[in-house]
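Below is one structure, written out as structure tokens; the observations come after it.
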Amino acid sequence: MERKKEKSHILKIHNTLSHKKELFEPINPPFVGMYVCGPTVYGEPHLGHARPAIVFDLLFRYLKYLDYKVRYVRNITDVGHLENDADEGEDKIAKKARIEQLEPMEVAQFYLDQYHFAMDALNVLRPSIESRASGHIMEQIDIVQKILDAGYAYESNGSVYFDVVKYDKDYHYGILSGRKLEDLLSSTRELDGQEEKRNSADFALWKKASPAHIMRWKSPWSEGFPGWHLECTAMSTKYLGKQFDIHGGGMDLMFPHHESEICQNKIANQTDTVRYWIHNNMVTINGQKMGKSLGNFITLNEFFTGNHHLLQQAYHPMTIRFFILQAHYSSTIDFSNEALIAAEKGMKKLFSAYDLLDKLKPSSSSTENTGILYQNCLHAMDDDLNSPIVIANLFEASRIINQANDGKTSLTQENINDLRDLFNVFLFDILGMKPTANDSMTDGLDNELMHVIIELRQKAKKDKDYTTADTIRDMLTQIGITLKDTKDGVEWSISQTK
RNA sequence: GGUACCAUGGCCGAGGGGCUAGGCAGAGGUCUGCAAAACCUUGUACGGCGGUUCGAAUCCGUCUGGUACCUCCA
């Protein structure tokens with residue numbers, strides 16, 4: 001049955017450019033263009049990758065719920081970025097490749113597959129277009145040429161740099177990060193290629209490859225590789241146009257990456273390309289940023305298997321997703337086992353309440369207002385994607401369901417339909433949660449075996465042989481099977497994290 | 001040093017000038033052979049100090065502590 005629900009058209013999102021929540025108005029409704037910075041595929045995906053993927057998946061799902069036609073582009077950085085540590089000027093992917101004696105693209109593909117595996121497990125929808133930097137070298141070269149032609153870049157020893165000082169004279173540099181050019185110029189650093197630049201704040205559009213550099217392409221200036229920030233400008237413009245609605249990414253990318261994109265866009269596209277900049281906050285571990293260079297990161301696979309010294313147990317991908325959605329995207333999330341276990345319990349509570357819906361017997365009268373919850377969730381999503389509030393309302397719904405199940409309150413069929421809608425739309429479609437119950441266990445030999453065991457225990461119970469009954473239950477618990485004696489019979493389930 | 005931001009009860013985490021989310025944990029109770037689950041009851045927390053106000057956790061100032069970015073990073 002089609003149930004008419006009023007959808008909102010007052011979505012507000014926080015725009016990093018204005019530091020304010022703004023009404024979301026697409027440039028060309030009903031179409032929405034969204035670009036999000038994706039992973040550099042030279043390492044295993046970790047919790048830090050999960051956050052933006054889930055946050056922008058939430059936005060993607062909500063925009064689709066609002067009936068927008070969304071084109072969501074996420075890049076894969078497989079060209080690699082410059083390194084600035086011991087091996088100056090070396091391409092990260094190329095470096096790793098040399099160590100492992102593999103083709104650079106083989107390494108990139110390997111980690112890309114890992115990324116996809118993890119994202120699928122987290123129920124993150126694939127973007128409309130997942131574009132690879134290596135497949136867009138021509139487009140990047142075109143943009144370098146455009147910026148050169150416009151006079152905002154200069155060639156130096158085969159490399160091309162963006163002239164930030166000139167840009168700042170004509171436009172305002174630093175509008176996203178709030179940084180001032182003079183501050184940047186006064187804090188000069190020892191960087192590779194610094195002597196080639198006119199000013200320390202200038203950034204590379206094209207770099208000439210050193211002889212050791214494996215990944216290289218021909219260009220009018222040198223055999224080399226594109227600058228760090230160019231791929232996003234090239235691919236967003238190619239697939240979303242010179243103006244598009246949303247550009248997302250982690251807060252750590254705000255400067256210099258996104259700031260540089262703004263400069264490149266402005267010159268190459270002759271317009272303000274991005275309407276709304278959205279940034280998710282970081283995941284911390286013991287209050288510290290989780291990062292490759294800090295050596296304190298936990299890969300997603302380690303979370304899923306529990307195979308890491310900081311983890312007390314394995315965590316289902318849905319627990320990770322729920323954990324992330326329980327915080328607003330603009331807050332930092334601090335990792336802890338305690339918080340994850342709490343999230344896991346809460347999540348299971350929601351799932352079992354949803355399962356109960358099918359067993360509820362409708363009454364002719366109602367004591368509950370279920371319609372309000374849907375509105376509350378809608379308002380929460382409209383208010384800058386406030387997923388924690390959505391979850392709070394789902395908990396309220398689960399309380400109503402449990403009370404009705406206990407016979408304390410009564411729900412009409414309409415109430416039950418409302419609640420089912422609420423879970424289907426918000427928990428499953430928009431928050432993107434997926435029940436973790438193992439359905440395959442409800443049929444087949446396993447189920448029949450369980451049936452036998454439960455029957456034996458029931459018999460013992462009937463004979464008041466509670467020692468045997470409890471022994472059976474304890475032994476099952478030991479192998480990760482939980483029994484519940486309910487008034488409708490015995491329920492069994494396999495624990496997720498065994 | 002500069003820029004951005006944050007400090008909420010045992011833990012996590014919303015909110016945001018008076019109506020004071022939610023989850024987890026804890027205590028008591030109902031139910032149950034016992035458990036489990038569920039439900040009910042129970043928590044007045046917003047870093048310190050000033051200020052604005054009839055009223056501040058919420059606004060302003062300041063101090064303290066913390067994070068991120070300024071160098072590849074989600």
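We name chains A, B, ... by the order of the sequence lines, and we start the count at 1 in each one.
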Within the 4.0 Å heavy-atom criterion, would you say [X] contacts the bases, only the backbone, or no part of the nucleic acid?
| X | result |
| --- | --- |
| A:Ser331 | sugar-phosphate |
| A:Phe255 | sugar-phosphate |
| A:Val55 | nothing |
| A:Arg399 | sugar-phosphate |
| A:Ile333 | sugar-phosphate |
| A:Arg51 | nothing |

Rounded distance in Å - [atom1] ([X]) to [atom2] ([N]):
| X | N | atom1 | atom2 | value |
| --- | --- | --- | --- | --- |
| A:Glu491 | B:A38 | CD | P | 12 Å |
| A:Glu259 | B:A4 | CD | P | 12 Å |
| A:Gln114 | B:A74 | CD | C1' | 17 Å |
| A:Gln312 | B:C11 | CD | P | 16 Å |
| A:Asp334 | B:A68 | CG | C1' | 14 Å |
| A:Gln403 | B:A37 | CD | P | 18 Å |
| A:His14 | B:A4 | NE2 | C1' | 11 Å |
| A:His328 | B:G13 | NE2 | C1' | 12 Å |

Are [X] and [Y] an aromatic pair by the rule of ring centers under 6.0 Å?
| X | Y | value |
| --- | --- | --- |
| A:Tyr315 | A:Phe323 | no |
| A:Phe56 | A:Tyr329 | no |
| A:Phe322 | A:Phe351 | no |

For this session: For A:Ser134 and A:Trp217, work out which heavy atoms get closest and say how close.
Result: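 The pair with the smallest heavy-atom distance is CB-CZ2, 4.4 Å.
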Exercise. Which pair of non-hydrogen atoms, one from A:Ala133 and one from A:Thr77, has the smallest distance, and what is that distance?
Worked result: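 Heavy-atom minimum between the residues: CB-CA, 4.4 Å.
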Taking the side chain of [X] as heavy atoms from C-beta outward, which of [options] is closest to it?
| X | options | result |
| --- | --- | --- |
| A:Asn386 | B:G33, B:A74, B:G15 | B:G15 |
| A:Met254 | B:G33, B:A4, B:U67 | B:A4 |
| A:Arg457 | B:G33, B:G13, B:A36 | B:G33 |
| A:Arg473 | B:C34, B:A14, B:C73 | B:C34 |
| A:Asp252 | B:C69, B:A38, B:C40 | B:C69 |

Exercise. Just checking, is any N or O donor in the side chain of A:Glu368 or A:Asn415 under 3.5 Å from an acceptor N or O on the other one?
Worked result: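 No, because no side-chain N or O of A:Glu368 sits under 3.5 Å from a partner of the opposite role on A:Asn415.
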For this session: Enumerate, in order of first residue number, the stems that involve RNA chain B, defined as 3 or more consecutive Watson-Crick or G-U wobble pairs with both distances under 3.5 Å.
Result: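 Output for stems: B:1-7 with B:64-70, B:10-12 with B:22-24, B:26-30 with B:38-42, B:47-51 with B:59-63.
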Exercise. Hey, is A:Lys459 close enough to A:Asp465 for a salt bridge, meaning N to O under 4.0 Å?
Worked result: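 Looking at A:Lys459 and A:Asp465, the cut-off is not met.
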Could you tell me whether the phosphate oxygens of [N], OP1 or OP2, come under 4.0 Å of any side-chain nitrogen or oxygen in [X]?
| X | N | value |
| --- | --- | --- |
| A:His257 | B:U71 | no |
| A:Thr16 | B:A4 | no |
| A:Asn280 | B:A74 | no |

Exercise. How are the rings of A:Phe428 and A:Phe423 set relative to one another: parallel (under 30°), tilted (30 to 60°) or perpendicular (over 60°)?
Worked result: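 Rings of A:Phe428 and A:Phe423: tilted, as their planes differ by 30° to 60°.
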Exercise. Side chain to side chain contact (heavy atoms under 4.5 Å, CB included) with A:Leu253: which residues, sequence neighbours excluded?
Worked result: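 Expected list: A:Cys37, A:His257, A:His258.
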Problem set entry | Counterpart residues, side chain to side chain contact (heavy atoms under 4.5 Å, CB included), relative to A:Asn281 (two or more places apart) |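 With neighbours one apart ignored, the set is A:Arg51, A:Met251, A:Thr332.
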Exercise. Who are the salt bridge (Lys or Arg N to Asp or Glu O under 4.0 Å) partners of A:Lys12, not counting sequence neighbours?
Worked result: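 Here no residue qualifies.
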Problem set entry | Partners passing salt bridge (Lys or Arg N to Asp or Glu O under 4.0 Å) against A:Lys21 (at least two apart in sequence or in another chain) |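 Per chain and number, A:Lys21 pairs via salt bridge (Lys or Arg N to Asp or Glu O under 4.0 Å) with A:Asp383.
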Considering only the [atom1] atoms, how many Å lie between [N] and [M], rounded to the nearest integer?
| N | M | atom1 | answer |
| --- | --- | --- | --- |
| B:C60 | B:A27 | C1' | 42 Å |
| B:A38 | B:C6 | P | 35 Å |
| B:C46 | B:G9 | P | 8 Å |
| B:C69 | B:A57 | C1' | 29 Å |
| B:A14 | B:U53 | P | 33 Å |
| B:A7 | B:G17 | P | 15 Å |
| B:A36 | B:A74 | P | 45 Å |
| B:C40 | B:C31 | C1' | 12 Å |

Exercise. Hey, does the side-chain of A:Asp470 have a donor or acceptor N/O within less than 3.5 Å of a partner on the base of B:G33?
Worked result: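 Yes.
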Exercise. Under 3.5 Å, is there an N or O donor on one side and an acceptor on the other linking the side chain of A:Asp485 and the base of B:C34?
Worked result: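 Present.
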Problem set entry | A:Lys21 or A:Val283, whichever maps to the more 5' nucleotide of RNA chain B |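 Result of the comparison: A:Lys21.
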Problem set entry | Which residue lies more 5' along RNA chain B, comparing A:Ser352 with A:Arg179 via nearest heavy atoms |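 Result: A:Arg179.
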Seminar exercise, completed: The contact string for nucleotides 18-26 of chain B, one letter per nucleotide 5' to 3', using protein heavy atoms under 4.0 Å with B, S and - for base, sugar-phosphate only and none, comes out as ---BSSSS-
